[in-house]
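Reading through the structure tokens given below for one structure.
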Amino acid sequence: MSDTLLELKNVSAGYGEVKVLKGVSLKVRRGSITALIGANGAGKTTLMRVVSGLIPVTQGTLALDAVDITREASSVRVERGISLIPEGRLIFPDFSVEENLKIGGYISRVRSRQSELIKQMYRFFPRLEERRNQAGETLSGGEQQMLAIARGLMADPRLLLLDEPSLGLAPQVVAQVFEKIQEVRSKGVTVFIVEQDVRSTLAFADYAYVLENGELQLEGPAADVRENPKVKESYLGL
Ligand SMILES: Nc1ncnc2c1ncn2[C@@H]1O[C@H](COP(=O)(O)OP(=O)(O)OP(=O)(O)O)[C@@H](O)[C@H]1O
Ligand SMILES: [Mg+2]
């Protein structure tokens with residue numbers, strides 16, 4: 001089994017005439033927390049959409065566990081174990097916590113294990129169990145983010161993609177979300193995370209990529225990226 005779980009080779013993608021990603025090559029190591037940082041509009045969300053199959057590539061290839069998934073539909077990628085927690089969380093506001101979880105587990109690979117997975121999620125996020133019958137929209141911001149993560153985990157992923165999980169949350173709550181993400185990794189799930197909170201993210205990620213205008217500018221162990229003068233100036237305000 002190779003060390004690499006996800007590999008992008010020379011990937012370009014965009015929206016019609018708008019070219020966003022320009023020849024991105026990167027690897028996400030199995031069992032790692034890998035971070036993607038970059039300014040607003042750099043193409044981070046676009047890259048997450050490309051990996052989850054929501055938008056097609058115009059050039060290049062993607063492989064999961066050395067299997068080419070470049071042309072696979074997003075539903076097939078979910079079955080293969082790629083789960084995206086999108087920017088803005090996008091939980092179902094009128095559905096209860098438990099209904100939101102069920103939707104996350106409604107794929108053929110895990111459907112027969114749905115109730116077992118829901119129990120696991122309640123053990124992992126006790127607050128969600130206390131609120132299992134409450135509508136999604138009535139949860140606090142932090143609870144909604146936990147629900148979004150739990151819904152993503154209901155697909156029992158190998159690779160969890162997180163797009164800005166800290167967005168709009170109070171610092172204390174952000175710290176709780178980041179702790180949970182590290183617990184997710186300790187359960188054997190590989191994490192690929194986009195974050196604006198660069199300082200905290202580089203403190204717990206193993207490896208990081210910096211994206212600027214659709215191109216990778218820098219990569220390395222997170223501790224090295226954190227010490228990079230350009231990163232310090234542009235993203236850490238030092
Ligand atoms: N659906 C779309 N149609 C056309 N252009 C889009 C669409 N979504 C994003 N873009 C453009 O693609 C570029 C990259 O957007 P993207 O959302 O990937 O950036 P980002 O790095 O995630 O930014 P942010 O940090 O603000 O979330 C931006 O210029 C954006 O305007
Ligand atoms: Mg984004």
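The figures that follow rest on heavy atoms only: side chains count, while hydrogens, waters and symmetry mates do not. Position 1 is the first residue of the sequence, and the numbers go up from there. Whatever order the structure lists them in is the order used to number ligands and atoms, beginning at 1. Remember, predicted model here, so these are calculated numbers, not experimental data.
Here D163 does not reach the Mg ion (ligand 2): none of its N/O/S atoms is less than 2.8 Å from the metal. Here N40 fails the criterion, with no N, O or S atom under 2.8 Å of the Mg ion (ligand 2).
Inspection of the Q134 and S96 side chains reveals no N or O donor paired with an N or O acceptor under 3.5 Å. E79 and S108 form a side-chain donor-acceptor contact under 3.5 Å, judged by distance and modelled atom types alone. Counting only N and O atoms by type, the side chains of Y15 and R49 include a donor and acceptor under 3.5 Å apart. A donor atom on one side chain and an acceptor atom on the other are found under 3.5 Å apart for T45 and D163.
Contacts between R49 and ligand 1, counted as non-hydrogen atom pairs separated by less than 4.0 Å, involve the side chain only. Of all the heavy atoms of V20, the ones lying under 4.0 Å from any atom of ligand 1 belong exclusively to the side chain.
Atom 31 (O) of ligand 1 lies below 4.0 Å from none of the non-hydrogen atoms of the protein.
Heavy-atom separations between G41 and ligand 1 include at least one value shorter than 4.0 Å. Within the 4.0 Å heavy-atom shell around ligand 1 one finds Q196.
Among heteroatoms of the N, O or S kind in E87, OE1 lies nearest the Mg ion (ligand 2).
Atoms of ligand 1 found under 4.0 Å from any heavy atom of E87 (numbered from 1 in listed order, with element): 27 (O). Within ligand 1, counting atoms from 1 as listed, the ones closer than 4.0 Å to a heavy atom of A39 are 21 (O).
Ion pairing between K22 and E215 fails under the 4.0 Å rule for side-chain N and carboxylate O. Taking the charged nitrogens against the carboxylate oxygens, E143 and R127 do have a contact shorter than 4.0 Å, which makes a salt bridge.
Scanning the protein heavy atoms around atom 17 (O) of ligand 1, the nearest turns out to be T45 CB, 3.5 Å. In terms of protein heavy-atom proximity, atom 25 (O) of ligand 1 is nearest to K44 NZ, 2.7 Å. Annotation: atom 10 (N) of ligand 1 to nearest protein heavy atom, Y15 CE1, 3.4 Å.
Relative to the ring axis of F124, K187 places its NZ or CZ within 45° and under 6.0 Å from the centre. A cation-pi arrangement is not found for R29 relative to Y207, the charged atom failing to lie both closer than 6.0 Å to the ring centre and inside a 45° cone about the ring normal.
In this structure, K102 and I118 have side chains that are in contact, with non-hydrogen atoms separated by less than 4.5 Å.
The shortest N or O to N or O distance between A42 and ligand 1 is below 3.5 Å. Residue G43 has at least one nitrogen or oxygen atom sitting less than 3.5 Å from a nitrogen or oxygen atom of ligand 1, judged on distance alone.
Taking all heavy atoms of T46, L47, N40 into account, the minimum distance to atom 18 (O) of ligand 1 is reached by T46.
R30 pairs with exactly one of T190, D65, D3 by the side-chain hydrogen bond (donor to acceptor under 3.5 Å, both in side chains) rule, that one being D65.
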